[in-house]
Undergrad: 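Got a structure for you, questions after.
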Amino acid sequence: MTAAASFAAPTTAGPGYLVGQVWPTARWLLGRSLFLALWFWGLVVVAVTAATVVVAVVGEPAISILAFARHGAIWFPFAVFITVSGAYLPVHVAAGLTRRSMALGAILAAAATAVVYGVVFSVLLVVERAVYSAAGWQWQFFDDLSAGAGPGTFVPASLVTSLVANLSGLLVGMAFQRGGGWWGTVTLPVTAGPILLVSALFAADTGPIATDTWFGGRGLSVPVAVTGGLLVAAAMAFAFDRLARGATVPVRAT
Amino acid sequence: MTGFGVQVRDLTVRYGPTTALDQVSFEIRPGVITGLLGRNGSGKTTFLSVAAAFRRGTSGAVLVDGEDPWENARVMGGTCLVRESGDVVADEPITENLRFLAERRPTFDRATAESLLDRLEIDPSKRPDKLSRGQRSAFGVVVGVATRAPLTLLDEVHLGMDAPARYAFYDALLADWMAHPRTIVVSSHLIDEVERLLEDVVILDHGRVLAADDAATLREQGLTVTGPADEVDAFVTSRRVVARQTLGRTAQATVIGTAPDDEARARAAGLELGAVGLQDLFVHLTDHAGDRAAAPLTPQESR
């Protein structure tokens, strides 16, 4: 058998592999995620601004309106990352890239997206608080841990929760990809449940999925909650990587 | 000669209770255009998927350039499987897809891709999901040819393409292969059309290999007899006739199997002999109607 002497693809995993496979994957997925993030936050700013004006006209704002976007900021990128396993995996493998590089690239993209969502959300909260302060309104973020707190509190809370949510999206998508509809659904408590768990670590009292009573009605201290959240994130990333390496690209026809 | 060779050893692939491939063994020579022929459900796509590391086999082995392709960065990077319309980013313009591939495929040639797009009359500003069925297939062809992978696997890429587009594809594939020799496997139902491209042929049927040999040897497994109808009928008496055509008093019959005195008998009867067409051989081998099911070619008939 004659080898293709002129072929110069990476022969082993190493710096070339990272540069040639993992980095392009992360950049591609991050680019698409940021494009959608632009739309998401653009709509949030428009909606929150309009709502604030309306509330100010009919009365006086007393709580953060932007805080209502918290669940959207968690579950929207979660849904975006679910599509990676179903829609992107065939394109990735068909482009001659390994599943391992897809997993690593997707985890990097999920982490970077979490930073973007966490930072944007925090910055917008600070801006909203400044606006409220300038107008003489009372600003309150209805999260036990973050109530009245500064960026030192809600920045890590937003970052870690976003990271876990994005990784959860990857994991949910891969569970459906590997196990089909039945197993994908049955495993949701394990694949999507960590979002609620980490929310509980920060004692989030928001929306219909309030978790503020899970740990005795109070959240843990920030360092403990961050550490716990990162451990959960690491376990999810590991599980996603292991599942992705064995994923089959569905056959369209035989 | 360049290109990845493929060795298939006792490969079995099952989908639940269904056996798509049943202990098949054959080889694909490096640097050769091989035709992978078979009816629907014969296991063609399954084999190609295993070779391209889209899925694992249940048992047995497939070696691409001597190595297991599964999660093998070198082998996967040198293998390009285009399934029907290709696995591309459907919601991004074709230009973006070309950039995507150029960043990931070390052998991808963007100039060739753009030239083929022009030749196949595909607007590069369009998104694949906005193209017609035939244009999507043509874009898959562009990806397969321009990637210039050492192992290029084209699975029914002609679906939906009209005749001019298909012939442009065949010409482009042959010209690019001659300029950049590599291993190409073409899976197709249009055997008459692709026959001229093929140096080797593998015929699958119900998950088994019916024949695997070079096309010339396969064509010698039978012959076509042309001449006066009554002389043709006499010549083919007691032989396996797989096709027969009549035009006025002239007839042409295709038979499987040859005899040492065929040429002498034909000369004496005023008949012309020719090689059997791959299409006729394929139909004969895969015809399961009634009692006409054909046995696989023997090892002497097929390597």
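Just so we're on the same page: letters track the sequence lines, and every chain starts at 1.
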Undergrad: What pair of heavy atoms forms the shortest contact from A:Thr98 to B:Ala73, and how long is it?
TA: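 Scanning both residues completely, I find the closest heavy atoms to be CG2-CA, 3.8 Å.
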Undergrad: Evaluate A:Arg245 against B:Glu71 for salt bridge (Lys or Arg N to Asp or Glu O under 4.0 Å), listing each step before the verdict.
TA: CA-CA 8 Å; A:Arg245 291 189 190 199; B:Glu71 288 297 274; 5.7 Å; no
Undergrad: For side-chain contact (heavy atoms from CB on, under 4.5 Å), just list the numbers for B:Asp87 and A:His92, CA-CA rounded to whole Å, side-chain angles, deciding distance to a tenth of an Å, and then say yes or no.
TA: CA-CA 9 Å; B:Asp87 292 285; A:His92 185 88; over 6 Å; no
Undergrad: Verify the neighbour count for atom CZ of B:Arg14: are there more than 12 heavy atoms of other residues, nucleotides or ligands below 6.0 Å?
TA: no
Undergrad: Starting at CG of A:Leu97, measure out to CZ of B:Arg104 and round the result to the nearest 0.5 Å.
TA: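 Going from CG on A:Leu97 over to CZ on B:Arg104, the span is 6.5 Å.
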Undergrad: Got a donor-acceptor contact below 3.5 angstrom from the B:Arg105 side chain to the A:Ala95 backbone?
TA: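 Yes; at least one donor-acceptor contact below 3.5 Å.
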Undergrad: Can you name the side-chain contact (heavy atoms from CB on, under 4.5 Å) partners of A:Leu124, sequence neighbours left out?
TA: A:Trp41, A:Val45, A:Leu66, A:Val120
Undergrad: Counting heavy-atom pairs under 4.5 Å to chain A, which of B:Leu151, B:Val89, B:Leu101 comes out on top?
TA: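 Top count of heavy-atom pairs under 4.5 Å with chain A: B:Val89.
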Undergrad: Could you measure the distance from the CD atom of A:Gln21 to the CD atom of B:Glu103? Nearest 0.5 Å is fine.
TA: 13.0 Å
Undergrad: Is any side-chain heavy atom of A:Arg32 less than 4.5 Å from a side-chain heavy atom of B:Asp91?
TA: yes
Undergrad: Before giving the answer on side-chain contact (heavy atoms from CB on, under 4.5 Å), spell out for A:Val93 and B:Met76 the whole-Å C-alpha distance, their side-chain angles and the decisive distance to 0.1 Å.
TA: CA-CA 8 Å; A:Val93 175; B:Met76 288 180 72; 3.8 Å; yes
Undergrad: Evaluate whether atom CZ of B:Arg208 has more than 12 neighbouring non-hydrogen atoms of other residues, nucleotides or ligands under 6.0 angstrom away.
TA: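 Open: at most 12 neighbouring heavy atoms sit under 6.0 Å from CZ of B:Arg208.
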Undergrad: What part of A:Ala247 lies closer than 4.5 angstrom to a heavy atom of chain B: side chain, backbone, both or neither?
TA: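 For A:Ala247, the contact with chain B is made by the backbone alone.
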Undergrad: Residues two or more places apart in sequence or in another chain: which of them pass ring-ring contact (aromatic ring centres under 6.0 Å, His included) with B:Phe100?
TA: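 Testing B:Phe100 for ring-ring contact (aromatic ring centres under 6.0 Å, His included), a comparison that skips the adjacent residues, returns A:Trp28.
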